[in-house]
Number of protein chains: 2
Amino acid sequence: MLSDRQLLIFQVIVDDFIRSAQPVGSRSLSKKEEIQFSSATIRNEMADLEELGFLEKTHTSSGRIPSEKGYRFYVDHLLSPQQLDAKDVDSVRSIFAERIFEMEKLVQKSAKILSELTNYTSIVLGPAVRENKLRRIQIVPLNNEAAIAIIVTDTGYVENKMFHLPPGIDTGDIEKFVNILNERLTGVPLEELNSKIYKEVAFVLSQHIRSYDAMLSSIADSLKLPVNERLFFGGKTNMLSQPEFHDFVKIKNLLTMIEHEEDMYDIIRQNPSGINVKIGKENGVSAMEDCSLITATYSIASEQLGTIAILGPTRMEYSRVISLLQFLSTDLSTALTKLYQSK
Amino acid sequence: MLSDRQLLIFQVIVDDFIRSAQPVGSRSLSKKEEIQFSSATIRNEMADLEELGFLEKTHTSSGRIPSEKGYRFYVDHLLSPQQLDAKDVDSVRSIFAERIFEMEKLVQKSAKILSELTNYTSIVLGPAVRENKLRRIQIVPLNNEAAIAIIVTDTGYVENKMFHLPPGIDTGDIEKFVNILNERLTGVPLEELNSKIYKEVAFVLSQHIRSYDAMLSSIADSLKLPVNERLFFGGKTNMLSQPEFHDFVKIKNLLTMIEHEEDMYDIIRQNPSGINVKIGKENGVSAMEDCSLITATYSIASEQLGTIAILGPTRMEYSRVISLLQFLSTDLSTALTKLYQSK
DNA sequence: GTTAGCACTCTTTTATAACGAGTGCTAAAT
DNA sequence: ATTTAGCACTCGTTATAAAAGAGTGCTAAC
């Protein structure tokens, strides 16, 4: 569909604009060594590329910038899987250098490094605990009225919630109660806990414990997991350095959007596994229409755990970011699998 | 030291500037109804106030704005304890409307409401767990190599940490170990845990458990509390709407500073109990030299728990914010005392 | 098919002037 | 002895115009 020359010109324009953030003109293009034809020829090609919808002008006599369709094409067809810079490799590896133990810490550090490396904003979702299996339930009474329910999963994730004790319950009952829960529920994935409690455990409890139901509903309520997986951010303010956001309305909208965790959660979470690129309006949110979002998923063995994402301007270093995310998500998956698979 | 007329003029200037963010001129002042003298008189007084260091000009022929010294004087001497708006009272009360249980939730909601009410940034530190008393230690083994240590305090605070199990330890030993810890350490304030473990518990353990020391040091290490109390923020991006921050360098520095949790932690934490106002350079941080920080502490009974703070431009609604913080911190203290004092 | 040349467009920069809000000072009024 | 009216002056802001510069589209020559 596009001639080789058009491809070449298009690619150079995109690369140049990604680097400089300035519209690219025919004259400056003609001076590049990889381009051998005159500025007039380039102008003709550029006009064609614009007609095809790959380029845009900011005003009648300006140079060209890539359109969203252009970026999409660039990402889909012009991005050769590029070798990652040795420095970048080192930086990513440094995440795993210390023998970090908790998943969350690892994931948090990943977010930090990613944002420093790219100078964009990084967002990491996870790790998902939905499919974690229950390791232990504990109940710690605080006083006559309240107690804490604690659950621990096989990956070391701990969740806790305070609840009211039914009046008049005694410690022996609580202990029995917990023992029954542990007997019946250990090994059950968190997402099935709630239904399992009512379907299978309630009956057993009823036979052993007076007034079990008040407590059971308190507990079941407390354990209404999955708790939203947490989001971790890195470099929230990095976008302030991007020239396209030297505009108070834009930056305010964007930062406000980022602060709004529930929305971000939905946006990140809806991405399918593997690498994913959403460009500009594809994000479906007006605050992000000058942004691109690249996501990658990570997993333990084949079980998808979470998502790493980079949010940058549409004029983003797609190639490098994609390589980075690919590399990091693979490494993260490997590390986590090694840590938690070897039960 | 200052005449009544000077006080009046000064107060009106500050109030006006706080409202409008515009330098205040003599003519516009003379038109206010509370001011009965001519603009020329006002000019003379303003010149004197400037000489005394309470006012500044932005350029030779501009109106006046309050200097930092001026704000300091205003806060220290001109602020009458003002009645809080009925709306504000309602909003603050709404924090306690739902019967919230966990301290952290309460504190988080306070941060949110405060920032919405003021359109400044709110920062809440706490609640401190240093003096919380240990209620229970649990150890949950995950596999042969790792286990989770969980501690629960009398206020329902839960902290957990993963640690390595010494090779070859058996479950019976772990159980004994935990029982001894609980016997000896229940009721001990978190901040004393570490020393107590080594001084009093180590010996007992040594008599009952083989290879106790490897595990003890893992655990003690894990429990190296107090974990920094957490910071909660509200309205991080609110400062973007303040006209004094319509400057990319300033806003970037400020937001970056805010993101840097450790620094913020120190800044908030160092404030003594009660209401505290830091104006501009008094904050000692260049990123905050156009800001004022107002802090208030909250407590359970007489034990100080944490700090609520509002970060705004130096041109801040001091009177209203101080009233708000005073009111909220009192209410928060009362609510928490009621919840947790009645053990 | 390619390219040199040129008129034209539009932004950015620079210069200049006009405006206006505000001051400080002097001299008159109270 | 204050207070105030009056006025010259300052300086930032706004408006206008002109010049510069980067880039385009089109035509005609190569």
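Here the structure is a predicted model, which is why all the values come from computation and not from measurement. The chains referred to below are lettered A, B, ... by the order of the sequence lines, with proteins before strands, and numbering in each begins at 1.
As a whole-Å value, the separation of A/Lys57 NZ from C/dT11 C1' is 14 Å. What separates CG of B/Leu55 from C1' of C/dT23 is a distance of 14 Å, to the nearest Å. We find that CG of B/Asn44 is positioned 13 Å from P of D/dA5, with the value rounded to whole Å. Separating the CG atom of B/Asp48 from the C1' atom of C/dC25 is a distance of 14 Å, rounded to the nearest angstrom. Atom pair A/Ile42:CD1 and C/dG5:P shows a separation of 16 Å (rounding to whole Å applied). When the C1' atom of C/dG24 is taken as reference, atom CE of B/Met46 falls 11 Å away, rounded to whole Å. Whole-Å rounding puts the B/Arg64 CZ to C/dA21 C1' distance at 13 Å. Distance CD (B/Gln36) to P (D/dT3): 13 Å, rounded to an integer number of Å.
Checking D/dG25, D/dT4, C/dT9 against every side-chain atom of A/Thr60, the shortest atom distance belongs to C/dT9.
With no hydrogens or angles considered, a side-chain donor-acceptor pair links B/Gln82 and B/Ser319 at under 3.5 Å. A donor and an acceptor atom, one from each side chain of B/Ser26 and B/Arg43, are located under 3.5 Å apart. Side-chain contact, A/Lys278 with A/Ser292: no donor N or O sits under 3.5 Å from an acceptor N or O.
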Show the distances under 3.5 angstrom between N or O atoms of the protein and N or O atoms of nucleotides 17-19 of chain C.
none

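Contacts of B/Glu244 classified as salt bridge (Lys or Arg N to Asp or Glu O under 4.0 Å), with partners at least two apart in sequence or in another chain: B/Arg315.
In this model, the phosphate group of C/dC10 is not approached by any side-chain N or O of A/Ser61 to a distance below 4.0 Å at OP1 or OP2.
Annotation: proximity of residues 5-31 of chain B to DNA chain C (heavy atom, distance under 4.0 Å) is found for B/Gly25, B/Ser26, numbered in ascending order.
If you take CZ on A/Arg269 and CG on A/Leu231, they are separated by 11.0 Å, rounding to the nearest 0.5 Å.
In this structure, B/Arg5 places its CZ atom where more than 12 heavy-atom neighbours from other residues, nucleotides or ligands lie under 6.0 Å away. Other residues, nucleotides and ligands contribute only 12 or fewer heavy atoms inside 6.0 Å of the NZ atom of A/Lys112.
Nearer the 5' end of DNA chain D, as judged by each residue's closest nucleotide, is the contact made by B/Thr41, out of B/His59 and B/Thr41.
Between B/Tyr318 and B/Tyr71, the ring-plane angle classifies as tilted under the 30° and 60° cut-offs.
For B/Tyr74 and B/Phe54, the distance between ring centers is not under 6.0 angstrom.
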